[in-house]
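Before any comments, here is the structure.
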Amino acid sequence: MQRSFMRRCARSGSSSDIAVNVRKNEGMKKNMICNNLSVNENGHLTFAGADTVEMARKYGTPLMLLDEGKIREKCSIYRDSMQKYFTPDSMPLYASKALSFKYIYKIAASENIGIDCVSAGEIYTAYKAGFPLERAYFHGNSKTDDEIRFAIGHGVGHFVCDSIEEVAAVDEIAGEMGTVQKILLRITPGIDPHTHKKISTGSVDSKFGVAIETGQAFELVEKTLRLSNVELEGFHCHIGSQIFEYDPFADAARIMIGFIRDVKERFGFEPVTLNLGGGMAVRYTEDDPEIDYEANIRDISVVVHSLCDEYGVKMPRILMEPGRSIVADAGITLYTAGYLKEITGLKNYISIDGGMTDNPRFTLYQSPYTVLLANRMNEGCDYKCTVAGRCCESGDIIQEDVMMPKPKRHDTIAVLTTGAYNYAMASHYNKVPKPAVVMLKDGEDFVVIKRETFENMISNEV
Ligand SMILES: *Cc1c(COP(=O)(O)O)cnc(C)c1O
């Protein structure tokens with residue numbers, strides 16, 4: 001994973017050589033996973049121009065650093081490419097479940113993109129950040145009556161409805177509140193993005209959406225069109241996450257545009273919006289390929305335009321819902337090394353001051369990550385050890401068998417690409433406070449989420 005970078009690292013001479021190499025050598029840069037990473041003259045890892053060791057000292061650990069420039073760069077790649085290749089009113093919606101806090105909704109607002117929210121809690125956070133909720137899409141397969149009321153009351157522009165019962169509930173509540181709610185219907189296209197060549201019936205079995213294959217999607221459209229307090233704007237699908245190629249999206253588009261043609265034929269209804277969901281991948285390790293998001297969007301758009309022509313369907317406004325690909329490589333997490341445990345003849349463990357409480361993804365999915373010894377970037381990586389969290393669970397591991405210089409107490413350990421689904425999934429297990437989140441922007445660093453205190457954690461306890 002990070003091995004070949006580390007090997008190069010080991011081979012190089014003085015710290016200044018490394019810095020020069022990083023600047024001059026494109027190959028080296030590539031091995032840094034993302035172009036916001038580098039090594040400075042002290043042999044420290046830098047992120048978005050900041051010395052990570054200094055940041056760890058200044059703010060304490062565990063610490064999440066975010067790169068505002070990178071977040072904005074990704075927003076604008078999606079926004080500009082979608083407007084250019086689909087239609088001028090096409091738009092990305094930031095899938096805010098990936099990382100939801102006030103400041104990021106301010107970024108989304110100023111980048112002129114929409115958001116996807118999955119709970120009243122996310123809507124509330126966006127509302128408090130001053131996000132224009134007309135551009136919000138309310139997702140979820142289990143919206144409660146209170147949440148529906150809350151969302152309508154706060155002027156959420158669009159619901160993405162997941163079932164006929166939900167459409168009926170939204171219709172009833174919108175009626176009570178004297179309004180008409182715009183909605184999309186979530187359709188299951190029946191694609192397994194990992195084996196997308198066999199357009200399988202596998203994902204007909206999903207807790208999300210309504211399937212085309214069973215005929216239920218048509219029933220859903222027919223019933224929805226009869227209701228008067230919901231206005232059907234279009235359709236939504238989401239095929240999965242961490243998808244590297246563009247063709248599963250093109251396959252989904254093909255099925256959805258075919259569905260639009262059939263709906264038009266049967267009911268005379270033609271949608272203005274087609275939402276293709278999220279799921280584009282990011283690089284977690286060197287083994288992952290680099291991704292050209294604009295090229296992917298362009299390639300999907302070619303398929304969409306030609307299918308609309310072929311099927312005699314009016315080109316809809318396209319929405320996409322990137323979450324991971326907006327924030328993942330805009331984030332890294334810093335920890336302080338604890339104790340080194342060498343189990344003779346078996347394995348080495350280095351403990352850290354965080355773990356599954358701030359990053360449960362290895363515990364949940366054995367997710368690969370690149371781990372670096374941030375304060376000793378120029379030393380040889382000849383020591384294999386497993387990075388273990390602090391919780392009372394053997395499964396609390398951040399990464400297994402990492403090659404690094406032999407770590408010692410108080411070293412700074414950096415885990416890369418942690419912006420998405422890390423802090424968002426943080427818990428208070430073992431009563432560990434959630435880390436601080438610091439934003440890096442134009443050479444400045446400032447706290448966007450304060451480190452939790454013990455008092456914060458017990459504030460609701462009587
Ligand atoms: C999770 C999710 C997304 C975001 O997926 P990413 O892989 O993070 O881009 C978008 N839309 C829906 C409906 C989702 O459930």
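Values in this document were obtained by computation on a predicted structure and should not be read as measured data. Each ligand, and each atom within it, is numbered from 1 in the order the structure gives.
Here is the list of ligand 1 atoms found below 4.0 Å of a heavy atom in Gly278: 9 (O), 10 (C), 11 (N). Annotation for ligand 1: atoms under 4.0 Å from non-hydrogen atoms of Asp116 are 10 (C), 11 (N), 12 (C). Within the listing of ligand 1, atoms 13 (C) sit less than 4.0 angstrom from a heavy atom of His139. Per-residue contacts place Glu321 under 4.0 angstrom from the following atoms of ligand 1 (heavy atoms of the residue considered): 3 (C), 4 (C), 9 (O), 10 (C), 11 (N), 12 (C), 13 (C). Proximity to Ala95 (heavy-atom distance under 4.0 Å) selects the following atoms of ligand 1: 3 (C), 4 (C), 10 (C). If you number the atoms of ligand 1 from 1 as listed, the ones under 4.0 Å from a heavy atom of Arg186 come out as 13 (C). Counting the atoms of ligand 1 from 1 in the order shown, those under 4.0 Å from a heavy atom of Pro322 are 9 (O).
Atoms NZ and CD, on Lys74 and Glu111 in that order, are 13.0 Å from each other to the nearest 0.5 Å. Note that NZ of Lys314 and CG of Asp309 are 14.0 Å apart. Values are rounded to the nearest 0.5 Å. Rounded to the nearest 0.5 angstrom, Phe131 CZ and Leu133 CG are separated by 7.0 Å. In this structure, OG1 in Thr273 is found 5.5 Å from OH in Tyr137, a value given to the nearest 0.5 Å. To the nearest 0.5 Å, the span separating CG on Asp251 from OH on Tyr246 amounts to 8.5 Å.
Only the side chain of Tyr421 comes within 4.0 Å of ligand 1, counting heavy atoms alone; its backbone N, CA, C and O stay farther away. Contacts of Arg324 with ligand 1, taken as heavy-atom pairs under 4.0 Å, involve both backbone and side chain. In Ala98, neither the side chain nor the backbone holds a heavy atom less than 4.0 Å from any atom of ligand 1. Of all the heavy atoms of Val160, none lies under 4.0 Å from any atom of ligand 1, so neither backbone nor side chain is involved.
Phe138 carries Lys143 over the face of its six-membered ring, with the cationic atom under 6.0 Å from the centre and within 45° of the normal. Tyr421 does not carry Arg361 over the face of its six-membered ring by the limits of under 6.0 Å from the centre and within 45° of the normal.
Using a 4.0 angstrom heavy-atom cutoff, Ser325 does not count as in contact with ligand 1.
When atom types are taken as modelled, the side chain of Ser206 and the backbone of Phe208 share a donor-acceptor pair closer than 3.5 angstrom.
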task = Verify side-chain hydrogen bond (donor to acceptor under 3.5 Å, both in side chains) between Asn275 and Glu321, making sure each step is shown before the conclusion.
result = CA-CA 8 Å; Asn275 184 333; Glu321 299 171 328; 2.9 Å; yes

Worked verdict on Met280 versus Asn296 for side chain to side chain contact (heavy atoms under 4.5 Å, CB included) = CA-CA 9 Å; Met280 280 202 207; Asn296 277 348; 3.7 Å; yes

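At the shortest separation from atom 1 (C) of ligand 1 among protein heavy atoms lies Lys97 NZ, 1.4 Å.
Distances between N or O atoms of Met280 and those of ligand 1 include no value under 3.5 Å. Backbone and side-chain nitrogen or oxygen atoms of Ser241 are examined, and one is located within less than 3.5 angstrom of a nitrogen or oxygen of ligand 1.
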